[in-house]
Number of protein chains: 2
Amino acid sequence: MARSGAVLRGQLLDVALRLFGQRGFRGTSLQDIAKEVGCSKASLLYHFASKEAIFNELLTPSMTAFDALNETLQNAPTPVVARQAVEGFVDVVIRYRQQIAMVLQQASEAAEASIEGNCTTSEQRAELLVTALSGRSTDPYVRLRSRMAIGAITVAAASPETDMSTEAARQELVDGALRLLCLA
Amino acid sequence: MARSGAVLRGQLLDVALRLFGQRGFRGTSLQDIAKEVGCSKASLLYHFASKEAIFNELLTPSMTAFDALNETLQNAPTPVVARQAVEGFVDVVIRYRQQIAMVLQQASEAAEASIEGNCTTSEQRAELLVTALSGRSTDPYVRLRSRMAIGAITVAAASPETDMSTEAARQELVDGALRLLCLA
DNA sequence: ACCATAACTGTCCGATCGGACAGGATTGAC
DNA sequence: GTCAATCCTGTCCGATCGGACAGTTATGGT
């Protein structure tokens, strides 16, 4: 059953993204993915060097976006950095909500994931974001609130669909996080 | 190497709790746990019927507490149920923060976990809590905020230690969640 | 000491897993 | 049709895993 390489690769990535999000990385086997796509496991491994390679390819776009956000925030004026962090983070999370669900399923694997040639870990990324959300404050109370904001946004965004438009949900996420951070 | 059964069982549970929280359920093998405790895998299986049994025994106290909370909230007067939900949930999460970390590591396994003789799943538990946090409102905006509050509390509570007392952290979690829910 | 029970162990089993590999099938250009 | 490149497959491999099992050791009571 030949289909163009690009088509099959796309299908494999789509299914992997969903199954990794539902069952976790280790809870999903290559055979699971291949079976659902309708090809052999060996065919899957023809297109991707390893299971890890699939995971990294799924994660790369969101990590890239996240890193770009962190870089933007590092140049943001301190009086507005926290608010910019909230809006930026909400946008990244909404755009990559499936990847977020996947990451939430296996923080330990994601913690070790790094983009080729870039050794920033998830923990380091999160810390950069906490700093921005905290308006660069080192006060532990402020930083705890920032962790709460991250949890609020990521968990809510990864939750089952609701009867709301994406734009309305986005606004609610932003407003809620701002209230939490005493920025409303 | 004989030690009393209770002592060994306690050690096995402690180590399992930590490793499940760090590596996930599937990412932790029975041999990993046994090795760290200093006994054989077969000895571990003498004390616990299965890997699943360990997981359930670790989860049972927190699930029991969670269910008790939900039951209390069902009888709470509507005008104060949301505030009570916040405080009650924060207390449960702080008390069982390691279990929370463990659950965050494998939501799919936890989703299927049930206490013997009680078929409430994690999803059902969460929905009950969302209802209470929402003050029994069905408005999707209100319920989204409630999901945010759950995420905020659980993720922040499962985060690395900070330079704050437990009581101070508790207060911050409660206050932050109340602001998020427009209850401050 | 004897005995029953609890605790512990090494070994084995079947299943699953990620990945290697040789060979066959398909495709498009000439 | 031929050919090279791409794609796909079944099979096999070694490793790991959870768990079964028979046998040994340790413990406490009599």
Side-chain angles (χ1 to χ4, degrees), chain A residues 1-59 102 105-106 108-110 112-114 116, chain B residues 1-60 102 105-106 108-114 116:
Chain A
M1 163 165 332
R3 67 199 88 168
S4 90
V7 167
L8 180 57
R9 277 194 291 278
Q11 292 174 336
L12 290 168
L13 287 171
D14 285 347
V15 169
L17 177 57
R18 179 163 53 76
L19 292 185
F20 285 160
Q22 291 173 354
R23 310 178 186 171
F25 180 70
R26 291 196 127 232
T28 304
S29 71
L30 293 175
Q31 183 58 42
D32 292 334
I33 300 169
K35 186 176 176 184
E36 186 155 330
V37 168
C39 71
S40 70
K41 183 183 64 157
S43 182
L44 178 157
L45 285 169
Y46 169 81
H47 288 279
F48 297 96
S50 65
K51 191 178 180 183
E52 197 73 30
I54 300 178
F55 188 79
N56 284 338
E57 185 148 347
L58 289 171
L59 214 46
M102 185 174 81
Q105 271 290 343
Q106 53 277 305
S108 60
E109 277 92 354
E112 293 156 19
S114 62
E116 193 171 302
Chain B
M1 167 173 317
R3 68 199 88 167
S4 90
V7 168
L8 180 57
R9 278 195 291 278
Q11 291 173 338
L12 289 168
L13 288 171
D14 285 346
V15 168
L17 177 57
R18 179 164 53 76
L19 293 184
F20 284 161
Q22 291 172 354
R23 309 177 187 171
F25 181 70
R26 293 196 125 230
T28 304
S29 70
L30 294 175
Q31 183 59 43
D32 292 334
I33 299 168
K35 185 175 177 184
E36 186 154 332
V37 168
C39 72
S40 71
K41 185 183 64 162
S43 182
L44 179 157
L45 285 170
Y46 168 81
H47 288 279
F48 296 96
S50 66
K51 191 179 182 184
E52 198 72 33
I54 300 178
F55 187 79
N56 284 337
E57 184 147 346
L58 289 170
L59 214 47
T60 296
M102 185 174 83
Q105 270 289 343
Q106 53 275 308
S108 61
E109 276 93 355
E112 294 157 18
S114 61
E116 192 172 300

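Naming convention: chains lettered A, B, ... in sequence-line order (proteins, then strands); numbering from 1 in each chain. The structure displayed is predicted, hence computed values, not measured ones.
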Completion exercise
Rounded to the nearest 0.5 Å, the NZ atom of A:K35 sits from the CD1 atom of A:I33 at a distance of 13.5 Å
Practice task
Starting at CG of B:L58, measure out to CG of B:L17 and round the result to the nearest 0.5 Å.
Solution key: 5.5 Å
Are [X] and [N] close enough that a side-chain N or O sits under 4.0 Å from OP1 or OP2?
X     : N     : answer
B:Y46 : C:dA7 : yes
A:S40 : D:dC8 : no
A:H47 : D:dT6 : no

Completion exercise
Residues B:M102 and B:L59: closest non-hydrogen pair is CE-CD1, 3.9 Å
Fill in the blank from the handout: The contact string for nucleotides 14-23 of chain D, one letter per nucleotide 5' to 3', using protein heavy atoms under 4.0 Å with B, S and - for base, sugar-phosphate only and none, comes out as ---SBB----
Practice task
Look only at the side chain of B:K51 and the backbone of B:F25, and say whether a donor-acceptor pair between them is shorter than 3.5 Å.
Solution key: yes
Practice task
Check for a donor-acceptor pair, side chain of B:D32 on one end and backbone N or O of B:S29 on the other, with a separation under 3.5 Å.
Solution key: yes
Practice task
Rounded to the nearest angstrom, tell me the gap between atom CZ in A:F48 and atom C1' in D:dC8.
Solution key: 15 Å
Exercise for the section: With the side chain counted from C-beta on, respond yes when B:L44 and B:V37 share a heavy-atom pair under 4.5 Å apart, and no when they do not. Expected result: no
